[in-house]
K.L.:
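First the structure, which I've put down as structure tokens, then a few questions once you've had a look.
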Amino acid sequence: MDEGLKHSASAKEYMPMIPTFVTGIPTGKETGLYLAADLGGTNFRVCSIKLNGDHTHELKQSKFKIPLDLMKNSTADALFSYLAKKVEAFLDEHHKEYSANTNGSLKLGFTFSFPVDQTALNRGKLIRWTKGFDLPDCVNKDVVELLQTHIDLLGVKVDVVALANDTVGTLLSRAYSNNEAKTHANTVLGCIFGTGTNGAYFEKLSNISKLDLTTVPKGATGMVINTEWGSFDNTLKVLPKTKYDDIVDKETANQGYHLFEKRISGMFLGELLRVILIDLFERGFIFTELFESRRGSLPHRLSEPWLLDSEVLSYLQIDDSTDLKMSQLVLENHLRLPTTREERLVIQKITQVVSHRAAYLSSIPIAAIVGRVKDQYKNDDRNFEIGCDGSVVEFYPGFQEKILEAFNLINPLEGTNKKLSLKIAKDGSGVGAALCASVAI
Ligand code: BGC
């Protein structure tokens, strides 16, 4: 983290540690109506958020599955024109008064959850794609400019005033809804464990040596940093490495990058299990009878990369039915894979090992950041909470408990009376982007 705060965000060997130009944490008193657009995984979401100024908000939202042919082998213009049209469609449906072009412009916060070299609250160039996106002509382009251009082409009255990573949104939105008088806790970190993984926290300005201080608003003492911890240890100095991690990395478009993420997040857990099973099969330990009965093939959902969804692992993880009958059904339904009892026992064990490693690794950046910021709060007796979002932390059975178990082993709060809790930040990206838009001038 220290090295990342000194070096450029695109250096492969350090964590990117991207300054976000967000210089304050919400108090819960913010008000107003804002739009948010969220691109970060398989869906594009557009929402409007009314901040009520009392830790609460109202939200309207539309969700669109991004067509696969816009995620790769396409162009930046094709993708951003699609996004702009969805913003227009959302306004037509929920805020006719703005689409009718009569009431001035709405401010939009753009949650764009990929590594971006940010130079202002509303400026940032894509460093590289992650999570299966691959549109080379978008790299190095300003993503706010791209979205604004395509919105303007449609004649829609929307100003893209802020760019935020989903972790920044999660941090701000949890801080907004956290009523400290009731929770007796400060929100110190926003993190995502979903398709990808990442975290954001508030750092003292004096520690961000790569930042040009003339670009920072007067009076600011710190800034939210988007750590991009998915890129922790890309040179594999300390991370555990198995041959399966290598195989999965080679299958990705961003090979050699985000190696931490590739051990943890939802996009990769299923693929890790799949490549392990294929290895066991190739070594003659499982699926031999099945292979013969199918005259020399395995079901294609098992033999082809990326078709084993991590949702499947979440069912296998906790199956305690006799002979793992529930897993039998899940494997047949999702993968068309008939199994013997012995095979299911093996599959369940591997599932638990893959997810256990993921959860234990997940606690490491959390503990590192908590240990790092605890000094900022040494005269404040409140506990620490972290805002989290993402399908893995929200739905994977036992994931949160395992993170906390490992956190307590590391014990970065030793010597204080503080405790840590994980809080799911509902609507995190949307509300967070609205909060970013609310501070934009
Ligand atoms: C991206 C981050 C994002 C995280 C969670 C990672 O792949 O690089 O920017 O915050 O996924 O969505």
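Heavy-atom basis, side chains included; hydrogens, waters and symmetry copies ignored. In this chain, residues are counted from 1 in sequence order. Just follow the structure's listing: the first ligand is 1, and inside any ligand the first atom is 1.
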K.L.:
Which residue owns the protein heavy atom closest to atom 11 (O) of ligand 1, what's the atom, and how far is it?
P.N.:
K131 NZ, 3.0 Å
K.L.:
So which of L153, I151, T75, L146 actually passes side-chain contact (heavy atoms from CB on, under 4.5 Å) with F80?
P.N.:
L146
K.L.:
Would you kindly say whether N165 and T167 are connected by a side-chain donor-acceptor distance under 3.5 Å?
P.N.:
yes
K.L.:
Indicate whether the side chain of D166 and that of S429 have a donor and an acceptor atom separated by less than 3.5 Å.
P.N.:
no
K.L.:
Can you pull out the closest protein heavy atom to atom 5 (C) of ligand 1? Residue, atom name and distance to 0.1 Å, please.
P.N.:
D166 OD2, 3.4 Å
K.L.:
Closer than 4.0 Å to some heavy atom of N198 - which atoms of ligand 1 meet that?
P.N.:
2 (C), 3 (C), 4 (C), 9 (O), 10 (O)
K.L.:
Would G40 count as being in polar contact with ligand 1, using the rule that some N or O on each side must be under 3.5 angstrom apart?
P.N.:
no
K.L.:
Is there a polar contact between ligand 1 and N226, counting only N or O atoms under 3.5 Å apart?
P.N.:
no
K.L.:
Could you tell me the residue and atom name of the protein heavy atom closest to atom 8 (O) of ligand 1, and the distance to it rounded to 0.1 Å?
P.N.:
E228 OE1, 2.7 Å
K.L.:
Is the distance between the ring centroids of Y396 and F193 under 6.0 Å?
P.N.:
no
K.L.:
Pairs of nitrogen or oxygen atoms closer than 3.5 Å, one from T167 and one from ligand 1: do any exist?
P.N.:
no
K.L.:
Could you tell me whether ligand 1 has any atom less than 4.0 Å away from a heavy atom of P115?
P.N.:
yes
K.L.:
Among protein heavy atoms, which sits nearest to atom 6 (C) of ligand 1, and what does the distance come to when rounded to 0.1 Å?
P.N.:
E261 OE1, 3.1 Å
K.L.:
Mind running ring-ring contact (aromatic ring centres under 6.0 Å, His included) on F64 and Y82 for me, showing each step along the way?
P.N.:
CA-CA 10 Å; F64 310 92; Y82 168 87; 7.2 Å; no
K.L.:
Give a yes or no on whether the ring-centroid distance for Y14 and H7 is below 6.0 angstrom.
P.N.:
yes
K.L.:
Give the numbers and elements of all ligand 1 atoms closer than 4.0 Å to a heavy atom of H258.
P.N.:
1 (C), 6 (C), 7 (O), 8 (O)
K.L.:
I'd like to know if the side chain of H258 pairs up with that of D249 as donor and acceptor (distance under 3.5 Å, no hydrogens or angles considered).
P.N.:
no
K.L.:
Could you measure the distance from the CG atom of L59 to the CG atom of D427? Nearest 0.5 Å is fine.
P.N.:
4.5 Å
K.L.:
By number and element, which atoms of ligand 1 are closer than 4.0 Å to a non-hydrogen atom of T130?
P.N.:
1 (C), 6 (C), 7 (O), 8 (O)
